[in-house]
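Sharing a structure, written as structure tokens. Questions coming.
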Amino acid sequence: MIFATLGKEIDVHTGGEDLTYTHHNAEIAQAECATGKPYVHYWLHNAHITINHEKFSKSLGNGLTLEDLKAKGNFEALDYRYWLLTSHYRTTANFSYEALEAAKTARARLLATVQRELADIIPTKVHPLYERDFIAALHDDLDTPKAIAVMWELAKDQSVQLGEKLATLQAFNTLLELGLDTEVSDDAALVLDNLPADIQTLVEERTAARIAKNWDEADRLREALSLKGYAVEDTDTGPRISKI
């Protein structure tokens, strides 16, 4: 099947880390004996994703579907994708709804940067230094956490011309596919990077209280924000903060 679709030499072959020394060695032996050619140029073996520190497994019945995530917290597939990309593929990642909530909020902030802060900006050229750092991260064994960190550094960099910033974020999105080119809804999370540190802390503590279903604490923190001159609106994509 591989030969019929991809040819006798493959550039990239992926699979779980448990296949490294058994199934994939057998593939190599069979393919190279049959063709006399190198079978795969690059192998990418991913570590397992766990939930409650147990491997996702059909036999354990602990698997999740995108429909489950949608029903649990109105999470989108791209929120899950963002969460995956914040861990290196060779590192075991432990799934939790708290982590997914954080990924959802972070992706919404990136989306708000592109769709709101840069809404009327015409993209110009890709910023060469940020492009260099971003590509270097991906060339370093597909270091997606570092690539996302570069995206955030760019998003927060006030010295970059807005046309360059937009063009560069759009270029990065073509590789990571985080949905930054989709239309932002009116309810998209707006957690401003220039919020005072004490306000940001209150927002984060309130988000944690809501995740823990500690509604009394969440209400107390909402009141604390109000006393400091900030209103918080809970949306499907996270908290939206505005000055009163």
Side-chain angles (χ1 to χ4, degrees), residues 12-27 40 42-111 134 137-153 172 175-179 189 191 200-218 220-221 234-239:
V12 178
H13 195 314
T14 64
E17 61 185 357
D18 54 334
L19 302 178
T20 304
Y21 303 109
T22 52
H23 181 71
H24 287 165
N25 273 340
E27 274 194 63
V40 174
Y42 299 97
W43 288 93
L44 300 179
H45 289 102
N46 62 279
H48 295 300
I49 297 172
T50 62
I51 182 168
N52 296 324
H53 301 287
E54 289 185 319
K55 176 184 172 183
F56 272 119
S57 171
K58 291 181 180 178
S59 61
L60 294 175
N62 62 356
L64 292 170
T65 66
L66 293 177
E67 289 75 15
D68 294 331
L69 300 183
K70 183 75 173 179
K72 178 72 175 182
N74 200 29
F75 297 108
E76 297 181 17
L78 289 173
D79 298 328
Y80 181 71
R81 179 181 179 86
Y82 184 99
W83 174 74
L84 283 175
L85 292 175
T86 57
S87 295
H88 193 275
Y89 76 94
R90 293 189 191 272
T91 302
T92 298
N94 186 59
F95 175 85
S96 70
Y97 282 106
E98 291 81 2
L100 188 57
E101 184 71 41
K104 176 180 178 179
T105 299
R107 193 180 75 85
R109 289 171 65 190
L110 273 177
L111 184 59
F134 183 84
L138 295 182
H139 281 179
D140 185 13
D141 195 20
L142 204 62
D143 192 343
T144 54
K146 187 172 182 179
I148 288 179
V150 172
M151 287 188 74
W152 274 111
E153 184 180 352
F172 292 173
L175 294 178
L176 296 184
E177 291 289 353
L178 295 174
V191 182
Q200 186 66 54
T201 297
L202 288 173
V203 171
E204 292 171 355
E205 289 177 352
R206 185 172 179 277
T207 298
R210 284 176 54 80
I211 291 172
K213 301 187 185 302
N214 187 345
W215 308 121
D216 289 341
E217 178 66 4
R220 186 190 69 79
L221 290 165
D234 297 310
T235 75
D236 289 340
T237 53

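Residue numbers start at 1 and run along the sequence shown. A quick note: this is a predicted structure, and the numbers were derived from the prediction, not measured.
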Looking at A93 and S87, what are the two nearest heavy atoms and their distance?
->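 Here A93 and S87 meet closest at CB-OG, 3.8 Å.
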Sub-4.5 Å side-chain heavy-atom contact between D18 and H45 =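 Not in contact.
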Could you check if a side-chain atom of D143 sits within less than 4.5 angstrom of a side-chain atom of L138, using non-hydrogen atoms only?
->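 No, side chains not in contact.
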Fit a plane to each ring of H24 and W43, take the angle between them on a 0 to 90° scale, and name the class: parallel (under 30°), tilted (30 to 60°) or perpendicular (over 60°).
->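 Rings of H24 and W43: tilted, as their planes differ by 30° to 60°.
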With side chain to side chain contact (heavy atoms under 4.5 Å, CB included) as the test, would you mind laying out the steps for F95 and L64 before giving the verdict?
-> CA-CA 10 Å; F95 175 85; L64 292 170; 3.5 Å; yes
Are the side chains of L84 and T144 in touch, meaning some heavy atoms are under 4.5 Å apart?
->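 The answer is no; the side chains never approach within 4.5 Å.
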Would you call F172 and L178 a side-chain contact if the rule is heavy atoms closer than 4.5 Å?
->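 Side chain of F172 against side chain of L178, heavy atoms only: no contact under 4.5 Å found.
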If you round to the nearest 0.5 Å, how far is CG of L66 from CG of L78?
->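 Going from CG on L78 over to CG on L66, the span is 10.0 Å.
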Under-4.0 Å salt bridge between D141 and R90 |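 R90 and D141: salt-bridged.
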Any donor-acceptor pair under 3.5 Å linking the side chain of N46 with the backbone of Y89?
->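 No, N46 side chain to Y89 backbone: no donor-acceptor pair under 3.5 Å.
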Mind checking whether V12 and T14 have side chains closer than 4.5 Å, heavy atoms only?
->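 Yes - at least one pair of side-chain heavy atoms lies under 4.5 Å apart.
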What is the minimum heavy-atom distance between D68 and G63, and which atoms define it?
->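 Looking at all heavy atoms of both residues, the shortest contact is OD2-O, 4.3 Å.
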Run the salt-bridge test on R107 and E76 with the 4.0 Å N-O cut-off and return the result as yes or no.
->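 A salt bridge is present here (some side-chain N lies under 4.0 Å from a carboxylate O).
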How far does CG of N94 sit from NE2 of H53, to the nearest 0.5 angstrom?
->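 Rounded to the nearest 0.5 Å, the CG-NE2 separation comes out at 4.0 Å.
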Hey, could you give me the OH/CD1 distance between Y82 and I148, rounded to the nearest 0.5 Å?
->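 CD1 of I148 is found 5.0 Å from OH of Y82.
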Can you find a pair of side-chain heavy atoms, one from L85 and one from R81, that are under 4.5 Å apart?
->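 SC-SC contact between L85 and R81 confirmed.
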Give the intermediate values and the outcome of side chain to side chain contact (heavy atoms under 4.5 Å, CB included) for residues L69 and L100.
-> CA-CA 9 Å; L69 300 183; L100 188 57; 3.9 Å; yes
Look at the side chain of T207 and the backbone N and O of V203, then say whether any donor-acceptor pair between them is shorter than 3.5 Å.
->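 Yes: the side chain of T207 pairs with the backbone of V203.
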For residues H13 and E27, determine if any side-chain heavy atom of one lies less than 4.5 Å from a side-chain heavy atom of the other.
->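 A side-chain contact under 4.5 Å exists here.
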Could you state the interatomic distance from CZ (R210) to CG (L221), rounded to the nearest 0.5 Å?
->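 Here the rounded value is 11.5 Å.
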Check ion pair K70-E67 (N to O, under 4.0 angstrom) |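 Here K70 does not pair with E67 in a salt bridge, since their nearest N and O are not under 4.0 Å apart.
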Does A102 offer a backbone N or O that forms a donor-acceptor pair with the side chain of T105 under 3.5 Å?
->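 No, T105 side chain to A102 backbone: no donor-acceptor pair under 3.5 Å.
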Check: E101 and F75 side chains under 4.5 Å, non-hydrogen atoms |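 Of all side-chain heavy-atom pairs linking E101 with F75, at least one is under 4.5 Å.
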Atom pair CG (L176) and CE (M151), whose distance is rounded to the nearest 0.5 Å =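 Going from the CG atom of L176 to the CE atom of M151 covers 6.0 Å.
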At their closest point, which heavy atom of H88 faces which heavy atom of P145, and how far apart are they?
->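 Looks like N-CG, 3.5 Å.
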Are K104 and W83 close enough, and set up right, to give a side chain to side chain contact (heavy atoms under 4.5 Å, CB included), and what steps lead you there?
-> CA-CA 8 Å; K104 176 180 178 179; W83 174 74; over 6 Å; no
Take W152 and R109 through the side chain to side chain contact (heavy atoms under 4.5 Å, CB included) test and state the conclusion after the steps.
-> CA-CA 10 Å; W152 274 111; R109 289 171 65 190; 3.5 Å; yes
